[in-house]
Amino acid sequence: MSQQKILITVPAHTDLRLRSIDQNDIENLRNWKNANKQSFFLNQDITPEQQADWYRNFSKREHDHMFIVEQWHEDDWQSIGCMGFRKLEEEGCVDAYNIIRAVKISPASFTMSEAFLLMLAYAAKLYPGLPLEVKVLSHNPAVAWYQKNQFSIRNTTDNYHRMELDQTILNNINWTVNNQP
């Protein structure tokens, strides 16, 4: 995890921000992952101890970034999901992972797709020239969602697709990164 805590915002959606995770988020992350386990490679419940171990290990990885998707609602920022990316040296790519919309609050000026592409625009800036990819279980309905967001299947191995983003979709995203207090 990058030691720098950041907020990513976009002028077009003042009710959206991506915030670097911290220790206070791990129980939400665990609950969201458990609630959506059928969509992930690890499809069993995660215990609080396993989540704490994950966070300790995550915190040591310089090129691993996880964000809470937050929405401004009723005069406060509400956590509505998470998403992350990591640079995989051995695979020569940036891998997006744990994209979860846990709560849907209406009205919102943005979609989860827009939040996801915002994060990927930041990833592309950090790691220029590297492909932006996801690994998705073949049976996961999210395959169509990724395709709608300009990902194409690069190859299929065992029970999952390796998908790559057409990065031209990121060209018109105007975003800002600020350090968190």
Side-chain angles (χ1 to χ4, degrees), residues 1-2 6 8 10 16 18 20-21 25-26 28-46 50-51 53-69 80-102 104 110-175 177:
M1 164 179 89
S2 170
I6 63 168
I8 305 173
V10 57
L16 165 65
L18 304 180
S20 299
I21 67 165
D25 298 307
I26 65 174
N28 267 348
L29 294 172
R30 184 181 79 82
N31 288 331
W32 295 341
K33 185 95 180 251
N34 285 347
N36 294 282
K37 64 186 169 200
Q38 73 284 354
S39 298
F40 294 99
F41 289 88
L42 177 62
N43 56 6
Q44 52 193 277
D45 282 339
I46 299 166
Q50 289 171 317
Q51 188 69 19
D53 287 345
W54 171 85
Y55 185 76
R56 266 191 302 282
N57 291 328
F58 163 81
S59 297
K60 296 173 188 172
R61 294 189 292 268
E62 178 184 358
H63 299 289
D64 200 341
H65 308 266
M66 176 66 68
F67 299 94
I68 297 296
V69 180
I80 64 163
C82 63
M83 55 184 63
F85 66 88
R86 57 195 164 205
K87 179 181 176 187
L88 298 178
E89 288 285 346
E90 65 282 355
E91 295 183 29
C93 72
V94 173
D95 176 53
Y97 70 100
N98 281 5
I99 298 92
I100 301 172
R101 178 158 204 161
K104 185 166 178 115
F110 65 92
T111 64
M112 197 64 166
S113 292
E114 289 168 313
F116 183 50
L117 293 172
L118 173 62
M119 181 192 73
L120 293 176
Y122 177 66
K125 173 91 171 166
L126 281 183
Y127 304 109
L130 286 181
L132 301 175
E133 298 184 0
V134 292
K135 294 180 184 90
V136 187
L137 291 170
S138 303
H139 71 274
N140 188 334
V143 170
W145 183 79
Y146 287 111
Q147 289 172 320
K148 183 181 96 174
N149 285 292
Q150 303 305 309
F151 279 83
S152 57
I153 295 174
R154 186 169 168 188
N155 62 25
T156 300
T157 308
D158 299 322
N159 62 341
Y160 71 91
H161 300 300
R162 188 171 171 179
M163 302 178 77
E164 184 176 345
L165 178 69
D166 175 355
Q167 293 188 38
T168 59
I169 195 170
L170 305 176
N171 292 343
N172 295 321
I173 299 174
N174 179 18
W175 50 274
V177 174

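All residue numbers refer to positions in the sequence shown, counting from 1.
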Does Ile46 offer a backbone N or O that forms a donor-acceptor pair with the side chain of Asn34 under 3.5 Å? yes
Quick one: are Met83 and Val69 in side-chain contact, heavy atoms under 4.5 Å? yes
Nearest-0.5 Å distance that lies between atom CG in Asp166 and atom CG in Asn149: 11.5 Å
So, for Pro131 and Arg154, which heavy atoms are closest and what is the spacing to 0.1 Å? CG-NH1, 4.4 Å
Between Phe85 and Tyr127, how do the two ring planes meet: parallel, tilted or perpendicular, split at 30° and 60°? perpendicular
Would His161 and Tyr146 count as a close aromatic pair, with their ring centres under 6.0 Å? no
Could you tell me whether the side chain of Gln167 and the main chain of Leu130 form a donor-acceptor pair under 3.5 Å? yes
Should Lys33 and Gln51 be marked as a side-chain contact (heavy atoms from CB on, under 4.5 Å) after you check the CA-CA gap, both sets of side-chain angles, and the distance that decides it? CA-CA 10 Å; Lys33 185 95 180 251; Gln51 188 69 19; 5.8 Å; no
Look up atom CG in Leu88 and atom SG in Cys93, then write down how far apart they are to the nearest 0.5 Å. 4.5 Å
I need the Leu18 CG to Ile6 CD1 distance, nearest 0.5 Å. 8.5 Å
Show, in sequence, the C-alpha distance, side-chain angles and deciding distance for Phe58 and Asp53, and conclude whether the side-chain contact (heavy atoms from CB on, under 4.5 Å) test is met. CA-CA 8 Å; Phe58 163 81; Asp53 287 345; over 6 Å; no
Side chains of Phe116 and Leu165: does their closest heavy-atom pair fall under 4.5 Å? no
So, Ser20 side chain and Phe67 main chain: donor-acceptor pair closer than 3.5 Å or not? no
From Ile153 atom CD1 to Gln147 atom CD, the distance as rounded to the nearest 0.5 Å: 5.0 Å
Quick check: closest heavy atoms across Met119 and Gly84, and the distance to 0.1 Å? CE-O, 3.4 Å
Walk me through whether Ile21 and Tyr55 qualify under side-chain contact (heavy atoms from CB on, under 4.5 Å). CA-CA 10 Å; Ile21 67 165; Tyr55 185 76; 3.9 Å; yes
Sub-4.5 Å side-chain heavy-atom contact between Leu29 and Ile68: yes
Does the pair Glu133/Lys135 count as a salt bridge with the N-to-O cut at 4.0 Å? no
Atom CG of Asn155 with >12 non-hydrogen neighbours under 6.0 angstrom: yes
In this structure, NE2 of His63 is separated from CG of Asp95 (nearest 0.5 Å) by 14.5 Å
Asn159 side chain to Ser138 side chain, donor-acceptor N/O pair below 3.5 angstrom: no
Please find the pair of heavy atoms, one from Phe151 and one from Leu132, that lie closest to each other, and give the distance. CE2-O, 3.8 Å
Taking the side chain as every heavy atom from C-beta outward, state whether Trp175 and Val177 have any pair of such atoms under 4.5 Å apart. yes
Distance in Å, Leu118 CG paired with Met112 CE, rounded so as to fall on 0.5 Å steps: 11.0 Å
Would Ile80 and Lys104 satisfy side-chain contact (heavy atoms from CB on, under 4.5 Å), going step by step from the backbone distance to the final call? CA-CA 7 Å; Ile80 64 163; Lys104 185 166 178 115; over 6 Å; no
Taking the side chain as every heavy atom from C-beta outward, state whether Met163 and Ser152 have any atom pair closer than 4.5 Å. no
SB check Arg86 Glu91 (cutoff 4.0 Å): no
